[in-house]
Amino acid sequence: DNTSGTVVWTYKTDGRISAGAAISDGVVYIGSQDKKLYALDASSGELLWNFTATDIILSTPTVTNKIVYVGSHHGMLYALNAGTGEQIWSFKTKGSIDSAPLVLDEVVYFGSSDHSVYALSALTGERMWSYATTGPIEATPALATDMLYVASNDHKLYAFMPSLLWTYATRGEIQSSPLVGDNGIVYVGSTDHRLYALTALTGDEEWNYVTGNKIYASPALANDMVYIGSTDYTLHAIAAGTGAGVWTRATNASIQSSPRIDNGTLYIGSHNYKVYAFDVNTGDEFWSFTTGGPIDSIPAIANNVVYVGSHDHSLYALDAMTGKEKWHYTTGGDIQSSPVIIEDIVYFGSRDHKLYALHAQTGEVRWSYTTGDSINSSPFVAEGHVYVGSQDHHVYALDAATGEQVWSFRTGDIVDSSPVVHNKVVYVGSHDHSLYALNAATGAKIWSYQTGGSIVSSPTVANDRVYVGSNDSTLYAFSVVHTPA
């Protein structure tokens with residue numbers, strides 16, 4: 001009795017008890033050095049069930065959502081049905097697990113004497129990520145202010161972003177921007193010549209498709225087909241579910257522009273100076289239009305007009321049905337940035353250091369804003385602001401109507417990645433190897449995550465996850481940031 005100190009009941013195990021107890025829904029869960037986890041009635045001490053592990057249990061269990069998580073000295077983490085003790089899953093490490101696991105947002109965090117901290121799916125036990133310290137980990141992780149803290153016997157305290165969900169390593173740089181389909185698959189290209197299809201939830205590979213050269217472009221998806229251009233001079237159409245090739249079309253030059261699909265037509269640029277319109281189902285050519293330079297810009301379509309930039313310094317407006325030119329506007333530099341059309345305004349950047357806003361029907365300049373270096377980044381428009389990166393190392397937020405600067409944020413290097421805004425947070429990569437999450441209203445940094453290489457890939461947000469590639473050959477998946485106050 002907690003008021004008088006009177007013993008109400010005791011329960012004897014066959015081994016020493018060095019672990020702490022967990023109590024949930026009137027049940028006490030306790031591990032013992034007899035290798036068993038016990039579930040006892042909290043009022044009477046009556047045994048409800050026990051589970052036999054592979055070794056002694058020094059870990060204090062954690063109970064969440066009617067699942068008990070507990071580690072063993074043999075390196076196993078177990079997930080058990082809290083009501084029956086039936087094993088749901090187990091995960092093996094290379095060292096003992098003597099600390100209590102931490103469960104948050106369907107992720108289990110724990111340390112092991114194999115020097116690593118682990119993050120597993122609480123539902124399936126699949127590893128999302130792990131990090132190797134230089135000493136055994138016996139302490140229980142702690143979470144505060146969106147950071148995970150883990151102490152190691154190497155005399156260090158480590159702070160992690162728990163928002164990293166999984167990574168997938170390819171054999172080449174990833175400058176392609178990922179695409180997430182309604183089928184739960186994320187598609188991304190790599191300079192290892194491959195287009196990858198990964199399960200968006202876990203990062204497991206479904207298939208990969210090999211082209212003849214490096215892929216810098218981003219894929220497009222329509223009618224159960226995924227489309228990608230490659231520096232093998234070819235546009236590839238691939239079955240989205242299986243990775244089987246369906247058709248190809250050669251352009252006799254490198255394709256680093258990404259496809260855009262509208263009303264059964266696929267629009268894409270090539271380094272042979274041409275913009276093409278293909279039948280999305282057959283690859284038959286409807287028309288092509290020749291500019292004065294290579295095309296990396298991704299076409300944008302609005303009101304039956306195709307807008308696309310060229311290295312000849314010009315932005316073109318073409319009739320979507322015929323390819324006939326309606327107008328073009330010439331800037332002072334190459335245009336690699338892809339245009340965005342919002343409320344009859346076309347926004348795009350140029351290597352003349354400027355972001356432009358043109359009238360979509362006439363090409364008349366509404367305003368321009370000069371940064372400190374070239375703009376290869378494509379703008380993103382949200383809630384009256386235009387967000388864009390510059391090679392002057394900054395991310396800018398401008399008033400969409402006037403072009404006046406709202407804020408700027410300085411990264412450690414060139415920003416060629418194109419920003420995306422979700423839940424009032426701006427996600428953007430930098431050549432300083434980092435992905436940034438910024439407050440969209442103020443530009444204040446919420447967090448950053450450093451990868452092993454420059455980030456040219458533009459982030460993609462889908463189903464409350466952020467996906468981005470890095471030149472360290474890895475695709476990263478993060479959980480989104482909640483809307484800042």
Side-chain angles (χ1 to χ4, degrees), residues 297-298 300-303 305 307-309 313-315 317 327 329-411 414-430 435-448 458-461 466 480-485:
S297 175
I298 303 171
I301 302 97
N303 299 319
V305 179
Y307 302 88
V308 67
H313 300 193
S314 293
L315 182 82
W327 56 260
Y329 179 84
T330 302
T331 70
D334 294 1
I335 300 176
Q336 184 169 328
S337 173
S338 301
V340 174
I341 302 97
I342 301 291
E343 296 181 354
D344 215 29
I345 302 295
V346 185
Y347 302 93
F348 67 97
S350 169
R351 289 183 178 172
D352 66 5
H353 304 188
K354 292 180 180 180
L355 181 73
Y356 290 89
L358 308 183
H359 192 287
Q361 300 302 315
T362 65
E364 177 187 358
V365 178
R366 290 295 185 88
W367 56 258
S368 65
Y369 178 87
T370 303
T371 70
D373 209 330
S374 299
I375 298 178
N376 291 334
S377 170
S378 301
F380 191 97
V381 182
E383 297 188 1
H385 291 166
V386 185
Y387 303 90
V388 73
S390 170
Q391 292 195 350
D392 68 5
H393 302 191
H394 286 82
V395 182
Y396 292 90
L398 308 176
D399 185 288
T402 66
E404 293 182 4
Q405 181 179 313
V406 178
W407 55 257
S408 68
F409 175 85
R410 183 176 178 85
T411 74
I414 288 168
V415 182
D416 284 332
S417 171
S418 301
V420 63
V421 181
H422 179 78
N423 282 349
K424 300 181 181 179
V425 177
V426 182
Y427 300 94
V428 66
S430 169
L435 176 71
Y436 291 89
L438 310 176
N439 184 306
T442 66
K445 185 173 79 170
I446 300 171
W447 57 253
S448 64
S458 300
T460 297
V461 179
V466 183
V480 299
V481 176
H482 295 294
T483 304

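Just so it is clear, the structure is predicted and the values come from calculations on it, not from any experiment. Computed over heavy atoms, backbone and side chain alike; hydrogens, waters and symmetry mates excluded.
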Separation between NZ (K445) and CG (L438), nearest 0.5 Å, reads 9.0 Å

[X]: side chain to side chain donor-acceptor pair (under 3.5 Å) partners, not counting sequence neighbours:
X    : value
S368 : none
T362 : none
S314 : T330
T460 : none

Quick check: closest heavy atoms across [X] and [Y], and the distance to 0.1 Å?
X    : Y    : value
Q391 : I414 : CG-CG2, 3.4 Å
S458 : S417 : CA-OG, 3.6 Å
S378 : S338 : OG-N, 2.8 Å
P339 : I298 : CD-O, 3.5 Å
D399 : W367 : O-CZ2, 3.8 Å
S297 : G309 : OG-N, 3.2 Å

Please name all residues satisfying side-chain contact (heavy atoms from CB on, under 4.5 Å) with [X], sequence neighbours left out, ordered by chain then number.
X    : value
V305 : Y307, A317, K326
S430 : T411, D413, V415, D432, Y436
A444 : N439, T442

- Query: Is W327 reaching over with its side chain to a backbone N or O of L315, donor-acceptor style, under 3.5 angstrom?
  - Reply: no

- With distance as the sole test, does T371 use its side chain to make a donor-acceptor pair with the main-chain N or O of H353 at under 3.5 Å? yes

Taken in chain and number order and not counting sequence neighbours, the residues that satisfy salt bridge (charged side-chain N to carboxylate O under 4.0 Å, His left out) with D392 are none

Test side-chain contact (heavy atoms from CB on, under 4.5 Å), reference S350, set I375, I335, N376, output is I335

Name every donor-acceptor pair, under 3.5 Å, that has one atom in a side chain of residues 379-389 and the other anywhere in the protein, sequence neighbours excluded.
residue: H385; atom: ND1; partner: Y387; partner atom: OH; Å: 3.2
residue: Y387; atom: OH; partner: A440; partner atom: O; Å: 3.0

Contacts satisfying salt bridge (Lys or Arg N to Asp or Glu O under 4.0 Å) that involve residues 350-373 (not counting sequence neighbours) are D334-R351

Sequence neighbours excluded, the answer for ring pair (Phe, Tyr, Trp, His ring centres under 6.0 Å) partners of H394 is Y396

